[in-house]
Amino acid sequence: MAQVQRMSRLMVKTLRDDPADAETLSHKLLVRAGYVRRNAAGIWSWLPLGKKVLENVARVVREEMDAIGAQEVLLPALLPKEPYEATGRWEEYGAELFRLKDRKGADYLLGPTHEEIFTLLVKDQCTSYKDLPVILYQIQTKYRDEARPRSGILRGREFQMKDSYSFDTTDEGLAESYRLHREAYIKIFQRLGLEHKIVSAVSGAMGGSASEEFLAPAAAGEDTFVHCPSCDYAANTEAVTYPAGEPADASAHGPVEELDTPDTPTIETLAAHLGVPASATLKNLLVKVDGEIVAVGVPGDREVDLGKLEDHLAPATVELVTADDFTGRPDLVRGYVGPQGLDKVRYIADPRVAHGTSWITGANKPDTHARNVVAGRDFEVDEYLDVVVVEDGDPCPRCGTGLKLDRAIEIGHIFQLGRKYTDAMQLDVLGQNGKPVRVTMGSYGIGVSRAVAALAEQHADEQGLCWPREIAPADVHVVAAGKALQTELALDVAEKLGQAGLRVLVDDRAGVSPGVKFTDAELIGVPKILVAGRRSAEGVLELKDRRTGEREELTVDEAIARLSA
């Protein structure tokens, strides 16, 4: 028998108005419908209805993980410093890591993710190739000190995540574990009712090789991805690569010519002054990489994607230079930097700045630019990296068609980590030949609490939430719209529905008007709404589909049969 939850005894307080600080749809509706409440910036309490939804998402994740042979464990959230120091992530994580000391002065952290700890667990438990492959997972609270926690539970400092880890003795085994997770994730998100895209991604601080993200398209998404309308190419913008340009004949251009360009420290002012398109100019952005000044060259009509640059240079820290960094550096003329005069500065360029291309750029003198500055003739590029911000219409790397940009919420990420962590922890098992074999590893995450927000973004209308049945807090919301007779019928049918195995929320609140009850039912978003109203004396109910708005009148027996089908 499923549970019957009476709203007269349920801790839920719905709100008519949006929270003042809410910008995204999920933030507004989850608070207004009584699913979550804010405790502090990025820290949220899950109320009874919200906890049911959260647990339903976790249940689906567990069922599909168990189906591929994964085993659930629960590791601590409070972790010692040493394993993260061994992999370099104690420092790499930077300010996002919650660090603390115990009463004896020992260093600890609150786990943002658990690669190191799972690796040590397997090292302790698995000693032979016969013990592998193994897939372990947990659903647990993670902690990251977000600089700008916002959008409700979408970007919190404390959140629930499913993280799983595969351990294999061969690269072929890792590829199979990766495939199993990929297929399991597709099933999970299909069952949850989440529209999603699988896109190529970068590994970032996680390390490893193959990497894909599962993104839920939504206007509130913080990730931007591209997809090609002509082929199946899709990628996070940070993973889009531009093919290297064909080298041109550097001698085909005239000599460098200096131009008097007063008051033109920006590309916009320079292009206007000379009457040329911004694409004819070369922008040189100065950044600091682990404290060392580095110049990044891109065409003047493009912007540098600092996230992309940081991913390329990980684990180094990248930050913009400040006015103080020009002090004592006569070779760096603010607003007029050109690559032809940067002998003491490492020069990184986008592939569009190909060998033999000619540019208008800074002359390394105040109020002066230079024309016919040619890559490979007048300056050398130390390293080519694709670092520009991807724009709508950029050519697809696969077929050349113009790409489309969309916003999405990251709901899952899978990595083939390889041996980064097993090398750091020296995880070997005895191989078939009696010799040690270094284990290879995969890491696979699903944002369980983020999935709730993504579902709220995708499944809502002007009245409120419209949960898919798999994760809704109840199968049917019975509303007693009136006096004692309607309440009696509503409670009776709720019990019968519960006996039939349905999860039931019944609004039996006294002193609450039918209008408020109907509004709350729409806001809360249970898939089916069953109303005991004007025809209750005849034993007739009204069944409404929350998503489509379709209505029909049914007897009690018909309603039970229809809802139980």
Side-chain angles (χ1 to χ4, degrees), residues 39-44 54 58 61 72-102 106-122 136-166 181 201-208 211 213-214 222-223 236 238 307 310-311 314-318 409-417 420-422 424-425 441-454:
N39 293 100
I43 303 173
W44 292 83
L54 186 67
V61 172
E72 185 173 7
V73 297
L74 182 60
L75 274 60
L78 180 63
L79 304 170
K81 170 186 178 181
E82 288 74 19
Y84 288 82
E85 208 169 31
T87 60
R89 294 208 297 174
W90 177 260
E91 295 298 334
E92 284 176 26
Y93 256 109
E96 278 195 0
L97 202 63
F98 278 105
R99 298 172 173 85
L100 63 156
K101 292 181 181 289
D102 68 7
D107 288 306
Y108 289 84
L109 67 144
L110 295 177
T113 183
H114 278 66
E115 280 76 9
E116 289 85 348
I117 310 305
F118 270 88
T119 305
L120 289 174
L121 175 64
V122 172
L136 303 174
Y137 78 97
Q138 64 175 347
I139 296 177
Q140 194 223 43
T141 302
K142 307 290 186 181
Y143 301 88
R144 294 176 191 170
D145 192 2
E146 293 280 358
R148 292 175 296 278
R150 59 186 183 274
S151 304
I153 59 172
L154 261 181
R155 182 183 278 271
R157 295 195 289 173
E158 174 184 291
F159 54 94
Q160 277 208 10
M161 189 171 88
K162 186 283 301 178
D163 50 330
S164 56
Y165 305 88
S166 64
H181 276 85
V202 294
S203 299
M206 297 289 291
S211 173
E213 287 179 343
F214 289 74
E222 293 179 318
D223 278 47
N236 187 300
E238 293 179 359
E310 196 156 25
D311 283 331
T317 299
V318 178
I409 298 165
E410 182 185 341
I411 50 177
H413 205 155
I414 55 178
F415 304 85
Q416 287 188 34
L417 290 178
K420 172 181 177 178
Y421 296 92
T422 57
M425 303 299 171
M441 187 175 169
S443 174
Y444 318 90
I446 285 180
V448 176
S449 50
R450 282 176 69 87
V452 175

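Numbers here are sequence positions counted from 1.
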So, using salt bridge (charged side-chain N to carboxylate O under 4.0 Å, His left out) as the criterion, who are the partners of [X] when residues are at least two apart?
{"X": "E116", "result": "R89"}
{"X": "D107", "result": "K81, K101"}
{"X": "R150", "result": "E222"}

Nearest atoms (heavy-atom pairs only) where [X] meets [Y]:
{"X": "A77", "Y": "H114", "value": "CA-NE2, 4.4 Å"}
{"X": "A424", "Y": "A86", "value": "CB-O, 3.9 Å"}
{"X": "L79", "Y": "Y84", "value": "CD1-OH, 3.3 Å"}
{"X": "V448", "Y": "K162", "value": "CG2-N, 3.7 Å"}
{"X": "L110", "Y": "L97", "value": "O-CD1, 4.5 Å"}
{"X": "A454", "Y": "I411", "value": "CB-CG2, 3.9 Å"}

List in chain and number order the residues that pass ring pair (Phe, Tyr, Trp, His ring centres under 6.0 Å) with [X], two or more places apart in sequence or in another chain; answer none if no residue qualifies.
{"X": "Y444", "value": "H181"}
{"X": "W90", "value": "none"}
{"X": "F118", "value": "Y165"}

Do [X] and [Y] have side-chain heavy atoms sitting under 4.5 Å apart?
{"X": "L100", "Y": "L78", "value": "yes"}
{"X": "T87", "Y": "E115", "value": "no"}
{"X": "Q160", "Y": "K142", "value": "no"}
{"X": "Y137", "Y": "I446", "value": "no"}

Looking at [atom1] of [X] and [atom2] of [Y], how far apart are the two atoms once the value is rounded to the nearest 0.5 Å?
{"X": "S211", "Y": "Q416", "atom1": "OG", "atom2": "CD", "result": "9.5 Å"}
{"X": "R155", "Y": "I409", "atom1": "CZ", "atom2": "CD1", "result": "11.5 Å"}
{"X": "I117", "Y": "L136", "atom1": "CD1", "atom2": "CG", "result": "13.5 Å"}

Looking at residues at least two apart in the chain, or sitting in another chain, which of them share a side-chain hydrogen bond (donor to acceptor under 3.5 Å, both in side chains) with E213? N236
side-chain hydrogen bond (donor to acceptor under 3.5 Å, both in side chains) partners for R144, two or more places apart: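 Listed in chain order: nothing, the list is empty.
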Is a donor on one side and an acceptor on the other found under 3.5 Å between the side chain of [X] and the backbone of [Y]?
{"X": "Q138", "Y": "L75", "answer": "yes"}
{"X": "R450", "Y": "E410", "answer": "yes"}
{"X": "S443", "Y": "F415", "answer": "no"}

Tell me, please, which residues at least two apart from [X] pass side-chain contact (heavy atoms from CB on, under 4.5 Å).
{"X": "E91", "result": "none"}
{"X": "A453", "result": "S26, I153, L154"}
{"X": "L120", "result": "P83, M425"}
{"X": "E158", "result": "T141, Y143"}

